[in-house]
Amino acid sequence: MDELDGELKWDSDDPEESARGIAARSLDQLRHEIAGPFEDRFAPPGVPATKNQVLALPQIKLALLKSGLLGRRSSRDGSYLPGALTGGTKKSTLENTSQFLSAYFSAVRAANVARWEAGPPQLLCYNPAIQAHLRLCGEVVRHLTQYSKLDPHESDPEVIVEKIIGFCNSLFDFISNGTDEAFKDRFYVPFGSGGPARYFYRAAELVAQANSNFDPDGLKEFLAGTNKDTREECNRLVSWITDEVHGFVVRRLRDEHGDDFFNVAVRNKEIKKKAYEKSLDDPAGPKPLETYLDLIELKKIVETPENWPLFKEALSFPLPEQSKGLAKYLKWLEDFNEVRKIWAHPYGRSYSDDDVALLEFIQSELRKRLA
């Protein structure tokens, strides 16, 4: 199919379609390049792959197109902008692309031949790594174009590769000298967890450590969210705050109204109905209905005129940026509930610096007020 793509899209007048054809042809050339980094590395469609054919050409082609090296759509007017490898003709673009990919990934292979030849177990010559490196190349070229004298359209592909490798020296040093354990700790990604993106950010982190102004989109958010200690601490804070608030509200209502507090203090029929339905669906069997209240439901119960006097001293406090003079300060509960969704549904989400600050602020307030 990809070989056919290279034929069908080659003559297209649509530059985006043409880029697909160029990408397909280039990768097809590279898998037949004698002694090249991708020789016999792509799994053939429809037949069993050999142990060395560990790469999926469609995935690599898509990553090459997404990198912007062959061009990209303008977010302003939708026009197709040339990429770093775009030449004056389709043939020259194809030559640039093949030379660039061969030179760059030859350098990756040369940085640690044993690791490359080992394939997926060593996390260097396998799909997420190749996709991540292609994205990194695109980001570095854009950075160098903006902050240095690099003009990719006036430079040979080999020169562009030299500039990228020089800029990414810390990454290549890690490929060469990092232990297998360190390499796995940095680049191993569980199946289904956004492998190429995670791999890219971990590689970009190494580059950014040596180049402080290198800041590709999403890197800061990724680092804030994937730092193991930060995530574990945030998860602990979310769990603690959730339990403390829930437990405090239930205790206050029970102290005030006795064992029948749920029926007396919870006047919202929808909240009662949902709690009852959740109890019927509980695989472990029904529990007291207050068990099934979520944070927003707790907020609604707390702020009713009948219940507010019980809670205003403990649970009403402004966020640092909130204006003064409000009758009730419960926005912190709404903001906390949004952060809590990261803990409840972690895939593709991460804690930001602002989230960390919010959790620490709420914990500090509740420790003082609920003691």
Side-chain angles (χ1 to χ4, degrees), residues 15 18-39 41 60-61 63-72 80-113 116 124-125 129-177 199-200 203-217 219:
S18 179
R20 292 194 184 99
I22 291 169
R25 280 199 181 189
S26 175
L27 293 173
D28 189 53
Q29 288 180 358
L30 290 173
R31 70 175 173 181
H32 297 298
E33 181 188 21
I34 303 301
F38 294 122
E39 182 188 15
R41 287 292 182 178
I60 306 305
K61 184 185 75 173
L64 174 58
L65 293 168
K66 286 184 174 181
S67 72
L69 292 168
L70 294 177
R72 60 184 177 83
Y80 200 75
L81 305 176
L85 302 178
T86 304
T89 65
K90 294 177 183 179
K91 182 179 179 181
S92 62
T93 301
L94 174 61
E95 292 173 352
N96 291 344
T97 304
S98 296
Q99 290 174 25
F100 175 90
L101 295 176
S102 180
Y104 180 81
F105 285 102
S106 289
V108 173
R109 178 179 62 180
N112 196 319
V113 175
W116 177 273
L124 187 58
C125 181
I130 305 303
Q131 292 168 273
H133 274 274
L134 287 168
R135 181 176 174 182
L136 182 66
C137 286
E139 293 287 353
V140 171
V141 167
R142 282 189 285 275
H143 179 87
L144 293 176
T145 301
Q146 181 177 359
Y147 293 102
S148 76
K149 296 180 180 180
L150 176 66
D151 183 349
H153 300 114
E154 298 294 330
S155 305
D156 291 334
E158 290 83 357
V159 173
I160 299 175
V161 169
E162 289 176 5
K163 296 287 187 180
I164 293 174
I165 294 173
F167 188 79
C168 298
N169 181 64
S170 54
L171 170 60
F172 277 79
D173 181 68
F174 186 77
I175 295 173
S176 297
N177 301 313
Y199 200 111
F200 163 75
E205 179 188 17
L206 286 174
V207 177
Q209 288 172 356
N211 303 277
S212 59
N213 62 346
F214 180 63
D215 185 25
D217 287 345
L219 179 59

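Remember, predicted model here, so these are calculated numbers, not experimental data. Hydrogens, waters and symmetry mates play no part in the numbers below; they use all other heavy atoms, side chains included.
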Nearest 0.5 Å please: distance from the [atom1] atom of [X] over to the [atom2] atom of [Y].
X    : Y    : atom1 : atom2 : value
S102 : F38  : OG    : CZ    : 8.5 Å
L70  : T97  : CG    : OG1   : 4.5 Å
E154 : K149 : CD    : NZ    : 15.0 Å
R142 : S67  : CZ    : OG    : 7.0 Å
N211 : C168 : CG    : SG    : 7.5 Å
F100 : D156 : CZ    : CG    : 13.0 Å

State, to 0.1 Å, how close [X] and [Y] come at their nearest heavy-atom pair, and which atoms those are.
X    : Y    : answer
H153 : G83  : NE2-O, 2.7 Å
E39  : E33  : CB-O, 3.2 Å
S170 : L206 : OG-O, 2.8 Å
A23  : K61  : CB-CG, 3.7 Å
R109 : A35  : NH2-O, 3.0 Å
I130 : L124 : CD1-O, 4.0 Å

Please confirm whether the backbone N or O of [Y] pairs with a side-chain atom of [X], one donor and one acceptor, at under 3.5 Å?
X    : Y    : result
N96  : P157 : no
S155 : I160 : no
S176 : A111 : yes

[Y] and [X], any side-chain heavy atoms less than 4.5 Å apart:
X    : Y    : value
K66  : R135 : no
L101 : L64  : yes
Q209 : L171 : no
C137 : L69  : yes
W116 : R41  : yes
H133 : F105 : yes
S148 : F167 : no

Inset, instruction - If the plane angle is over 60° it's perpendicular, under 30° parallel, otherwise tilted; pick one for Y104 and F172. - result: perpendicular
Legend entry - Plane angle bin for F214 and H143 - parallel if under 30°, tilted between 30 and 60°, otherwise perpendicular: perpendicular
Inset, instruction - Count the heavy atoms belonging to other residues, nucleotides or ligands that lie under 6.0 Å from CG of D217, then report whether that count exceeds 12. - result: no
Inset, instruction - For side-chain contact (heavy atoms from CB on, under 4.5 Å), just list the numbers for L134 and I60, CA-CA rounded to whole Å, side-chain angles, deciding distance to a tenth of an Å, and then say yes or no. - result: CA-CA 8 Å; L134 287 168; I60 306 305; 3.9 Å; yes
Inset, instruction - Answer yes if the side chains of T93 and T86 hold a donor-acceptor pair under 3.5 Å, and no otherwise. - result: no
